[in-house]
Structure formats: C-alpha cells, structure tokens
Amino acid sequence: MFARTFGATTLGVDGLIIDVEVDSAAGLPGFDIVGLADALVKEAKERVRTAIRNSGIQLRQEKVTINLAPADVRKDSSGLDLPIAVGLLAAYGLISAETLDKYLFAAELSLEGECRGIRGILPMAVKAKEAGFQAMFVASDNADEALLVDGLEVYAVDNLAQLVGFLTGQERLLPAKPQAPIREEREFADDFADVQGQFQAKRALEIAAAGGHNVLMVGAPGAGKTMLARRMGSILPPMGAEEKLEVTKIYSVAGLLKGSGLIEERPFRSPHHTASMAAMIGGGSVPRPGEVTLAHHGVLFLDELPEFNKKTLEVLREPIEDRKLTISRANASITFPSSFVLIASMNPCVCGWAHDEEHECKCTDYEIKRYKQKISGPLLDRMDIHLWVPRVKYDELAARKRAESSAEIRKRVVAARKIQLSRLKKYHLFCNAQMNHALLQKLCVLEPAAQQLLKQAFQKMGLSARAYDRIVKVARTIADLAGEKNIQATHIAEAIQLRNDRCLEV
C-alpha cells in the first residue's frame, strides 16, 4: 500500500518541504530509504521501527521503500523521523492517509517513541505556512519556536503514541498557544559612559553605527580598543520586524536559538583568531552558517586582526562587499546573508608601541612592515574608517564625571537611521553603507566646496574608486547626523580624516 506524508528540512537559512513517499508491499522483508539521504537520515529506519514497536504497535514483515523528494537535494535532518513513521503507519493502513496532506511533521524520535526537538524549526514553519499547510506537528521543545509564525496551527507532540491517537480520533490534542511575550526595557551591561576619554573614537563609532560602516582601530595595548568595540551594540538602533525574523531563522538553523521569542538584540560575534576558514564563512557537506552569517544585522568583531590566518581574512572580501555569501558544494549551492558591521582592532606593530611618544618601539622596520602586510590592501580598502586609538591620559582616567551614555548616543543614531530609511526604503536598504555607486550618484548630493575638497583628497591620497565611494557614504552619514540635506565640505573633511592611514604606515 502506498502513502504520502510531508516533512521538512533546511537549505541554507530557509525551509524546504520534503515529500515522504512510503510503499509497503509483500515480498522479502526490507527497509530502504532513497532520495539522497545522508547517514543521519538513513539511520532513521532503525529509530522509526524501534519507536513504533515500543509505542505498542506491531507491523507485518514486508518490503518497505521510502522515497524522499526532491531526490536531487541532500537531506540531513533527524526531523524526518516523524513523517517517515507516520507515512509507514499510513502505508500499513493503521492511519487514514486522506487527511495527511494537510499536515507537516517535524521531530526526531527516540527508541522509546518520544519526540525530540530539532534545529531549524522556524524556517520550516515559515515554509509550511507559505506552502499552505493547515497545521504543523512538532516536539514540545520546538512548539514555542514554531508559534512565532502567525496563521499556522502548531501541535506539540510528546510521543508517537499520542500522535497516532490523535490521527485515529482516539485522543484529543489541542493546538499549542503562544506565550505572552515579556517586554523589558533593554539595559546594556556595557555602556559608553564607562569609557573615559577617547572622544574621537566614540565619535567614529557613532558614525559607524548610524551608517553601518566598517571600522579598523589601531592603537597601543590597553588603549581601550576592545572596550570600545564591545559597546558598539549598545548604540546600534533596534532591529525591525523583518530583521528580527531573519536573525532568528539563522540562529534556529545553527541550533543556537535560546528563549521562546524572536531575537530582539543585534548579534555580536567575536571569533578567536584561531578560527578556521570554514568556521568564519560556514561549511560542511550541506553548508551551515559561519560567523559572518551569525553576525547578520549585527557586529562582527575581529580582535588582533593580523593574528588571523591570512586566507581566513581574504574570504571576508566578498561578504563585506556583497553582504551575502554563496558556498558551493557537490550537492548544493547555498547563499547566506552577511550584512554586518565589521569592527577590527590591531596593534601598530609586534611590540605594540610604534608611534607612541612615551614608549620605545623595539621592532625593526622590517618587522613592522611584515606585521602589517598580513592585512592585504584590498581588505583595508573595504574598511570605511581607519582610526588611531591613543592611550588614555591619567587625568581622563581619574575624572569623576561620567562620560556620555550609550542611551544618549543611540538617540542620535536612531534619528539618523530614520532619515536613511525614508531615503532608502524603496530600494529595500537599511543604511548608507549598503548603497552602491549608482545610488551614491543619485542620492548623495555634494556641495561645490565638498566636491572640490574630495577631488583634492582623491588626487593627493591616490584613492581607489572603492575608497571614493566609502568616503562619500561616511560623509552622507555625518550629514544625516547633523540633519543636513546635502553633503557639505565639513562632512567630507571629517570623513577623510576618519580614513586615517597614518597609523598603517611603517
């Protein structure tokens, strides 16, 4: 007898509906799963048969063939256990197959028949709603996550016997109800009020937060580079509904989702400098998100930039420029989103005291040059702001007066972002850093004096076309913070000053 059920897996950060076809026929007993299933899914036959038996259901010894369609996509989710089990019971005539096309099943089965939670439920639920399914059956652990999708009935199932009782009309099962969200005023543990001095650095990070610009901070050890970077999240604007859903889907697929609601806080990822290329951009036979995707709509902080493997740094070029990343494997080609603010920090030399007035640098010119050459020119060119971070003076450290708080800085950032959203909304962009050259020409009007100043800087500094675009973007953000319609000479001057390459010279 033939039966069909529906399950789901993930492909990149999106859900994918899997058509589970089950055929049971007389013949030499066997259990085969076809349709490009990996080892995790092929092992489902042992889990499913044992779970059915331990749920008090006895099956005849027949030849069983299960096909997972589409057959050209590799499946690697243990969440296919439940639809395979339901399909098998329907093929044996123990469950009516007439209503199964309205339901989507996604859960792992234990040998006792208990339903276990899986990762990636949110994108599966989103896809289920788009495909028109009436209801989705998930493990109790995943119910809150699936309920984040409005307009889809979700049933929390504890075990296979409970589900069979519901599908045969012997047991009542009510749809799960979403928990009332707890809204709390966000308080950041790391506040810019704790940072004494460093006025230029705080101004630069305010501009970066307002426009979504990348920042490279160079300074002596203990100058406060890491302290500044970790407070970046406290001044970024709150995420919109679309951004929250995208970030939550990514963390669901990665198995890092905590709590029962959408992620409210922008991600802050700080991988160690020993991180591999695969950890940074994602990888695997079926690619999984890496650090650049986990930082989507948030901050990616690379501390001690020259200590990272050079090949690992070079693969960041495309995600920084294109704000997405395509990973191709033999079985799949996946595109991951990677729109993040890159904050990087480094010392000016190996010992850390180059250009410092009070400490003697013990590095030779060759050692300094070799140290800085670990960062390629094309990667540096993609950093909008090159910032020298000096050591804090004693009087600034000993001052009793608290500095400006993150809340005050954030108000200005949010006001600037609102201006940008009104200008960029029809282009489906969020901030100035996302504009391409064509949009710069169209939306960034330079006053004559600003145009002349930029021309002089371009010729004197030998800027590239990319550097030109990034200076204009930063100047546009400075103008937005000032509430100015056009870009003036003072805005261009500050943008050029923030692209300070002195700290990168030998």
Less than 4.5 Å apart, side chain to side chain, heavy atoms only: is that true for Asn142 and Ile118? yes
Would you say Glu130 has more than 12 foreign heavy atoms packed within less than 6.0 Å of its CD? yes
Distance in Å, Asp191 CG paired with Ser406 OG, rounded so as to fall on 0.5 Å steps: 3.5 Å
Val472 and Cys444: which non-hydrogen atoms are nearest, and at how many Å? CG1-CB, 3.9 Å
Side chains of Asp190 and Ser234: do they bring a donor and an acceptor to under 3.5 Å? no
With the threshold set at 4.0 Å, does a side-chain nitrogen-carboxylate oxygen contact exist between Asp384 and Arg470? yes
Looking only at non-hydrogen atoms, find the nearest pair between Arg119 and Ala254 and report the distance. NH1-O, 4.0 Å
Taking Glu243 for the side chain and Gly240 for the main chain, is one N or O donor matched with an acceptor at less than 3.5 Å? yes
Side chains of Asn347 and Lys225 in contact at under 4.5 Å (non-hydrogen atoms): yes
Are side-chain heavy atoms of Leu205 and Phe192 found at a separation under 4.5 Å? yes
Between the CG atom in Asp303 and the CE atom in Met346, the distance rounded to the nearest 0.5 Å is 11.5 Å
In sequence, state the C-alpha distance, the side-chain angles, and the governing distance for Asp72 and Leu36, and then conclude on side chain to side chain contact (heavy atoms under 4.5 Å, CB included). CA-CA 7 Å; Asp72 60 342; Leu36 207 58; 5.5 Å; no
Parallel, tilted or perpendicular: ring planes of His359 versus Trp353, cut at 30 and 60 degrees: parallel
Please assess Ile281 against Phe336 for the test side chain to side chain contact (heavy atoms under 4.5 Å, CB included), listing each intermediate value before the final yes or no. CA-CA 9 Å; Ile281 66 168; Phe336 292 109; over 6 Å; no
pair Pro337-Thr293: side-chain heavy atoms closer than 4.5 Å: yes
Output yes when a side-chain donor or acceptor of Asp365 lies under 3.5 Å from a complementary backbone atom of Ile368, and no otherwise. no
Output yes when Asp381 and Arg466 qualify as a salt bridge under the 4.0 Å nitrogen-oxygen rule, no when they do not. yes
Under a 4.0 Å N-O cut-off, is there an ion pair linking Asp194 with Arg402? yes
List the atom of Cys349, the atom of Cys361, and the distance in Å for their closest heavy-atom pair. SG-SG, 3.7 Å
Quick one: does Ser276's side chain have a donor or acceptor within less than 3.5 Å of a partner on Ala279's backbone? yes
Donor-acceptor check, side chain of Ser77 to backbone of Thr9, threshold 3.5 angstrom: yes or no? no
Return the minimal non-hydrogen interatomic distance between Leu236 and Arg410, and the atom names on each side. O-NE, 2.7 Å
Nearest 0.5 Å, what's the CD-CG distance between Glu314 and Asn309? 10.0 Å
Is there a donor-acceptor pair under 3.5 Å between the side chain of Thr248 and the backbone N or O of Ile263? yes
Flag the pair Asp81 and Arg116 as a salt bridge only when some basic side-chain nitrogen lies within less than 4.0 angstrom of an acidic carboxylate oxygen. no
Would you sort out whether Leu397 and Lys393 count as a side chain to side chain contact (heavy atoms under 4.5 Å, CB included), showing the intermediate values? CA-CA 6 Å; Leu397 282 174; Lys393 303 299 182 183; over 6 Å; no
Answer yes or no: are there more than 12 heavy-atom neighbours, outside Lys202 itself, under 6.0 Å from its atom NZ? yes
Any Val445 side-chain heavy atom under 4.5 Å of Ile487 side chain: no
Treating Arg382 as the side-chain partner and Pro378 as the backbone partner, does any N or O pair qualify as donor plus acceptor under 3.5 Å? yes
Given side chains that start at C-beta, do those of Leu294 and Val247 come closer than 4.5 Å, heavy atoms only? no
Kindly give the heavy-atom pair with the smallest separation between Lys374 and Leu313, and that separation in Å. O-CD1, 4.3 Å
Counting only heavy atoms not in Lys324 (residues, nucleotides, ligands), do more than 12 fall under 6.0 Å from its NZ? no
Is any NZ, NE, NH1 or NH2 atom of the basic residue among Lys411 and Glu408 found under 4.0 Å from an Asp or Glu carboxylate oxygen of the other? yes
Would a distance-only check, ignoring hydrogens and angles, find a side-chain to backbone donor-acceptor pair under 3.5 Å from Arg266 to Gly233? no
Regarding Glu304 and Ser345, is there a side-chain donor-to-acceptor distance under 3.5 Å anywhere? no
Using a strict 4.0 Å threshold on nitrogen-to-oxygen distance, state whether Lys362 and Glu367 make a salt bridge. no
Under a 4.0 Å N-O cut-off, is there an ion pair linking Asp469 with Lys473? no
Nearest 0.5 Å, please: how far is CG in Leu342 from CG in Leu316? 7.0 Å
If you count heavy atoms of other groups shown closer than 6.0 angstrom to CD of Glu242, is the number above 12? no
Option among Glu246, His296, Gln434 that satisfies the side chain to side chain donor-acceptor pair (under 3.5 Å) test with Ser339: Gln434
To check you understand the geometry: which heavy-atom pair defines the closest contact between Ser78 and Leu40, and what is its length? N-CD2, 3.6 Å
Distance-only side-chain donor-acceptor flag, Gln451 / Glu447, under 3.5 Å: no
Give the C-alpha distance, both sets of side-chain angles, the deciding distance and a yes or no for salt bridge (Lys or Arg N to Asp or Glu O under 4.0 Å) between Arg288 and Asp76. CA-CA 11 Å; Arg288 296 290 181 188; Asp76 69 336; 2.8 Å; yes
Return yes if some donor-acceptor pair links the side-chain N/O of Arg499 with the main-chain N/O of Ala495 below 3.5 Å, else return no. no
Between Glu404 and Arg412, does any NZ, NE, NH1 or NH2 come within less than 4.0 Å of an OD or OE carboxylate oxygen? yes
With heavy-atom distances below 4.5 Å as the criterion, would you say the side chains of Leu16 and Lys75 are in contact? no
Evaluate the side-chain proximity of Arg317 to Ser376: yes if any heavy-atom separation is below 4.5 Å, no if none is. yes
Aromatic ring pairing Phe430/His297, orientation class (parallel under 30°, perpendicular over 60°, tilted between): perpendicular
Would you confirm whether Glu108, through its side chain, and Gly79, through its main-chain N or O, come within 3.5 Å as a donor-acceptor pair? no
Pair Lys127, Asp14 - check side chain to side chain contact (heavy atoms under 4.5 Å, CB included), show working. CA-CA 8 Å; Lys127 195 67 176 180; Asp14 296 316; over 6 Å; no
Taking NZ, NE, NH1 and NH2 as the nitrogens, is one of them in Asp356 or Arg391 under 4.0 Å from a carboxylate oxygen of the other? yes
For the atom pair CZ (Phe301) and CG (Leu228), what is the distance rounded to the nearest 0.5 Å? 9.5 Å
Any chance you could measure Trp388, atom CH2, to Gln200, atom CD, to the nearest 0.5 Å? 11.5 Å
The test is salt bridge (Lys or Arg N to Asp or Glu O under 4.0 Å); show your working for Asp480 and Arg423 and say whether it passes. CA-CA 11 Å; Asp480 290 336; Arg423 185 169 57 235; 2.7 Å; yes
